[in-house]
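Notes follow the structure.
Predicted, not measured: the structure shown is a model, and the values here were computed from it. Naming convention: chains lettered A, B, ... in sequence-line order (proteins, then strands); numbering from 1 in each chain.
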Amino acid sequence: MSETPRIVQVAVPAPLRRTFDYLPPSSGDPRPGVRVRVPLGRGRAVVGVVTGTATASSVPTARLKAVLGVLDEEPLLPPEVMDLLTWAADYYHHPIGEVMQSALPVRLRGDRPASAAGDSVWAITAAGRAVNEASLNRTPLRLRLLSALKKEEQGLTADELVRISARWQAGMKALVAAGWVARRERDCLAPVPRTLLPPPALNAAQADAVRAVLASRAFRVFLLHGVTGSGKTEVYLRAIEAVLATGRQTLVLVPEIALTPQLVDRFRSRFGVAIAVLHSGLSDGERACGWLSARAGKAAIVLGTRSAVFTPLPRLGLIVVDEEHDGSYKQQDGFRYSGRDVAVMRARRSGVPIVLGSATPSLESLYQVQRGRYAYLSLPDRAGAANPPALDLLDMRRLAPDESLSRPLRQAIGECLARREQAMLFLNRRGFAPVWFCPDCGWLAPCSRCDARLTLHRASARLRCHHCGAEGPVPKHCPACGSERLRALGEGTERVEGALQRMFPEARIVRIDRDTTRRKGSLESAFARVRAGEADILVGTQMLAKGHDFPNVTLVGVINADQGLYSVDFRAGERLFQQIVQVSGRAGRAEKPGRVLIQTYHPDHGLFGALRLGDYRQFADDALLERREAGYPPFSFLALLRAESSSPGGALKFLGLARSLAERCPRAELEIMDPVPSPMERRAGRHRAQLLVQSRRRAPLHAFLREWLSLLEEAREARRVRWSLDVDPADLY
DNA sequence: AGCACGCCGACT
DNA sequence: GTCGGCGTGCTC
């Protein structure tokens with residue numbers, strides 16, 4: 001019998017929407033999920049992932065190149081994850097190679113063996129611990145290294161040792177030779193605590209929710225709608241506990257900012273199991289180590305942000321998505337997937353239950369509840385029987401604000417301080433003032449690369465663009481008319497902080513925004529100061545609202561709630577409501593009632609009515625009716641083709657071509673809009689435009705997109721602009 | 001994305 | 001006479 005020629009299909013790291021065929025290595029066909037080194041182009045070798053094998057190729061055999069090397073004995077990506085990634089590449093119409101790469105930790109994207117992916121560290125040995133430090137007095141470098149390692153149970157990497165001494169290697173050599181220090185791989189799984197916290201008692205709603213989730217052995221989506229402070233996390237923990245007891249693993253996804261040490265500690269102190277934490281703040285080695293422990297089944301719980309949804313978990317038993325409505329689940333560049341939606345698909349494919357938790361669920365999820373697709377679990381009560389905070393609207397049309405703070409708000413802050421409680425103020429705008437303005441000729445300092453105004457940062461005396469990062473000095477004279485009367489218009493957090501300091505000279509004020517928390521760990525230390533009672537007033541942007549509890553905050557003020565009230569984006573209302581509910585949740589605890597004051601120029605807006613009643617379901621039902629009438633998601637499916645070009649008309653011109661190519665594709669049940677400039681047409685020197693495609697049904701939309709993209713890829717005009725397709729876009733700009 | 005090939009301007 | 005500008009095309 002003649003042997004059948006075999007072909008290996010490989011997803012290569014290139015923006016190509018297909019796999020490449022290679023001849024197998026002499027060792028035989030590598031299995032799907034295995035990394036291979038393959039030649040690509042002229043003299044270049046890349047690492048790709050095997051997606052399958054075949055008996056024939058559409059490329060003539062003579063032109064096929066052979067796999068250069070096989071990097072993994074066992075598939076690095078197991079079949080379950082490979083299937084999920086293939087689905088995701090198809091659904092988001094994104095190049096398969098880039099999708100595969102995004103699923104791998106950075107350390108494993110190259111040809112490093114999986115066994116050596118962690119951080120290599122120097123760690124103290126038992127012998128080293130017993131050394132009498134006085135005996136090292138004559139070798140200060142060795143002494144410093146040894147005492148540093150004594151404090152670091154996990155050991156130190158070369159990068160970290162450099163900070164102790166540039167010449168650390170010399171001293172380390174001697175310490176290793178003496179047997180006091182050894183080189184090993186850093187263990188990324190924190191030690192299991194000796195004493196575990198006992199689980200608190202559940203209220204009836206929590207117990208019902210836990211019971212419902214645990215009753216489901218197969219795939220089922222649960223929407224856990226729990227008001228702030230109602231104990232959603234405890235429901236997760238109980239469900240996880242039961243899953244762990246059966247020897248299975250749990251995947252927990254949280255929004256980017258919410259993965260705080262506090263949350264991690266809460267998980268660690270409850271379970272006597274290894275927990276892998278995966279987020280962007282880790283070193284590449286730590287990420288790879290956590291990922292590999294999950295894949296090996298060593299980590300029983302994976303707690304991570306968006307990209308953790310692709311972590312291999314051989315014994316997956318449950319998925320939890322916390323704050324499922326949060327926008328940070330959607331990746332905003334490159335492979336634009338939704339971590340939440342992929343999680344639901346993963347649960348379905350793996351046949352496990354998934355819990356989506358939120359105080360303000362997305363309209364998409366609530367709609368699935370209405371349709372009977374998701375099970376609805378409600379936690380209506382705050383733990384400890386605390387009342388929800390009283391919510392008042394301040395009609396700014398009738399109140400004379402002083403530096404954007406109305407009199408009732410100032411008064412409430414004063415009373416709050418007198419009670420020795422803390423106040424928290426939100427303003428979604430950092431910097432001192434959003435505009436630098438000439439009162440004589442009307443000139444407004446513009447960004448030279450964006451269609452936007454520059455924001456004044458007074459402390460650093462700079463004008464900055466919040467869209468492209470450009471910055472420059474603050475002109476003293478108007479460049480248009482020479483006037484010397486330039487002034488700041490509007491308010492940012494920096495200005496409000498100053499105003500508060502003048503109004504309440506005794507108060508200790510902490511400002512929290514991207515400018516004050518740029519340094520690593522500074523956000524955490526600011527929060528720690530607040531919790532320790534070393535601050536009276538907190539001023540900040542949205543980042544103040546997520547994942548943190550401040551028991552002594554009893555007043556929350558929203559300084560400008562109007563942004564987004566009349567926005568062009570159809571999701572703006574939903575997001576505003578979610579934000580206000582989230583910040584309101586910061587006010588008050590069991591024994592101290594909270595108060596929320598919202599400043600607005602549109603107090604009659606319907607959104608505030610539902611907000612005052614604290615009725616999210618009512619708001620959501622109304623909003624869903626509006627969406628249904630307008631034909632917006634979740635009653636339709638969207639795809640947005642975006643383009644940007646350095647030349648003014650380039651993006652629109654390309655989209656014009658895309659629009660005409662669309663005529664050649666199956667267009668039944670589709671609405672293909674005309675290309676339009678993006679709401680902020682110029683950004684960072686690039687001209688941007690977009691084209692929206694909409695359909696009532698998913699299938700025709702995706703059939704269309706498939707053909708449309710293959711035509712677009714062939715078009716030479718497509719090489720002159722940067723373009724990307726966003727399936728289920730979160731923002732229409 | 002990389003990388004080479006390919007024709008037109010200012011330099012040792 | 002060459003170095004190099006980025007337009008165009010291809011990668012199994």
Side-chain angles (χ1 to χ4, degrees), chain A residues 4-71 82 85-86 88-90 92-111 307 331-337 641-651 653-654 657-658 661 684-687 709-726:
Chain A
T4 6
R6 300 290 303 180
I7 299 298
V8 184
Q9 296 160 324
V10 180
V12 293
L16 303 162
R17 281 178 178 76
R18 61 210 139 88
T19 56
F20 274 23
D21 295 339
Y22 289 89
L23 300 170
S26 53
S27 53
D29 291 356
R31 281 183 282 161
V34 162
R35 289 174 304 155
V36 285
R37 259 168 43 85
V38 291
L40 184 68
R42 295 175 183 271
R44 199 159 68 105
V46 298
V47 173
V49 178
V50 175
T51 58
T53 49
T55 49
S57 172
S58 56
V59 177
T61 316
R63 281 183 49 210
L64 294 180
K65 295 177 184 171
V67 169
L68 297 172
V70 178
L71 298 170
M82 288 297 286
L85 292 168
T86 307
D90 190 57
Y92 291 103
H93 298 272
H94 197 77
I96 181 89
E98 290 185 0
V99 170
M100 297 278 163
Q101 291 282 312
S102 72
L104 293 173
V106 174
R107 273 282 169 94
L108 293 166
R109 289 180 193 173
D111 57 5
S307 63
Q331 177 133 17
Q332 291 293 8
D333 53 67
F335 173 29
R336 295 171 176 264
Y337 65 100
L641 184 66
R642 306 166 197 269
E644 51 177 65
S645 153
S646 44
S647 68
K653 194 168 156 237
F654 165 71
L657 172 81
L661 286 175
R686 309 192 69 89
H687 299 262
L709 283 180
S710 70
L711 289 180
L712 285 175
E713 282 178 328
E714 286 166 18
R716 36 251 29 30
E717 288 86 346
R719 298 230 20 142
R720 280 195 278 273
V721 299
R722 275 234 295 253
W723 61 273
S724 66
L725 182 75
D726 193 347

Step by step, would you call A:R716 with A:R719 a side chain to side chain contact (heavy atoms under 4.5 Å, CB included)? CA-CA 6 Å; A:R716 36 251 29 30; A:R719 298 230 20 142; 5.5 Å; no
note: A:R109, atom CZ; B:dA1, atom C1'; distance rounded to Å ~ 14 Å
Please list all pairs meeting side chain to side chain donor-acceptor pair (under 3.5 Å) that have one or both residues in residues 47-58 of chain A, counting only residues at least two apart or in different chains. A:R6-A:T53, A:D21-A:S57
Heavy atoms of chain A, cut-off under 4.0 Å: which first and last nucleotide of DNA chain C, 5' to 3', fall inside that, if you could look? C:dT8 to C:dC12
Distance in angstrom units between A:Q101 CD and B:dA1 C1', rounded: 11 Å
Does the side chain of A:V36 reach to within under 4.5 Å of the side chain of A:V10, using non-hydrogen atoms? yes
Which residues pass the side chain to side chain contact (heavy atoms under 4.5 Å, CB included) test with A:A54, sequence neighbours left out? A:I7, A:Q9
Given A:P25, which of A:V38, A:V70, A:L68 fulfils the side-chain contact (heavy atoms from CB on, under 4.5 Å) condition? A:V70
Got a sec, which residues hit side chain to side chain contact (heavy atoms under 4.5 Å, CB included) with A:S307, two or more places apart in sequence or on another chain? A:R287, A:Y337
Report yes if some heavy atom in the side chain of A:L16 is under 4.5 Å from a heavy atom in the side chain of A:E98; otherwise report no. no
Contact class for A:L16 vs. all strands (heavy atom < 4.0 Å): base, sugar-phosphate, or nothing? base
If you define the side chain from C-beta out and look only at heavy atoms, does anything of A:R17 sit under 4.5 Å from A:E713? yes
Note: contacts of residues 32-40 of chain A with DNA chain C (heavy atom, under 4.0 Å) are A:P39, A:L40
For A:V99 and A:Y92, run side chain to side chain contact (heavy atoms under 4.5 Å, CB included): C-alpha distance rounded to whole Å, both residues' side-chain angles, the deciding distance at 0.1 Å, then the answer. CA-CA 10 Å; A:V99 170; A:Y92 291 103; over 6 Å; no
Under a 4.5 Å cut-off applied to non-hydrogen side-chain atoms, are A:L23 and A:V8 in contact? no
Below 3.5 Å between N/O atoms, which protein atoms pair up with nucleotides 2-4 of chain B? Just atom names and distances, please.
{"from": "B:dG2", "atom 1": "O6", "to": "A:R719", "atom 2": "NH2", "distance (Å)": "3.2"}

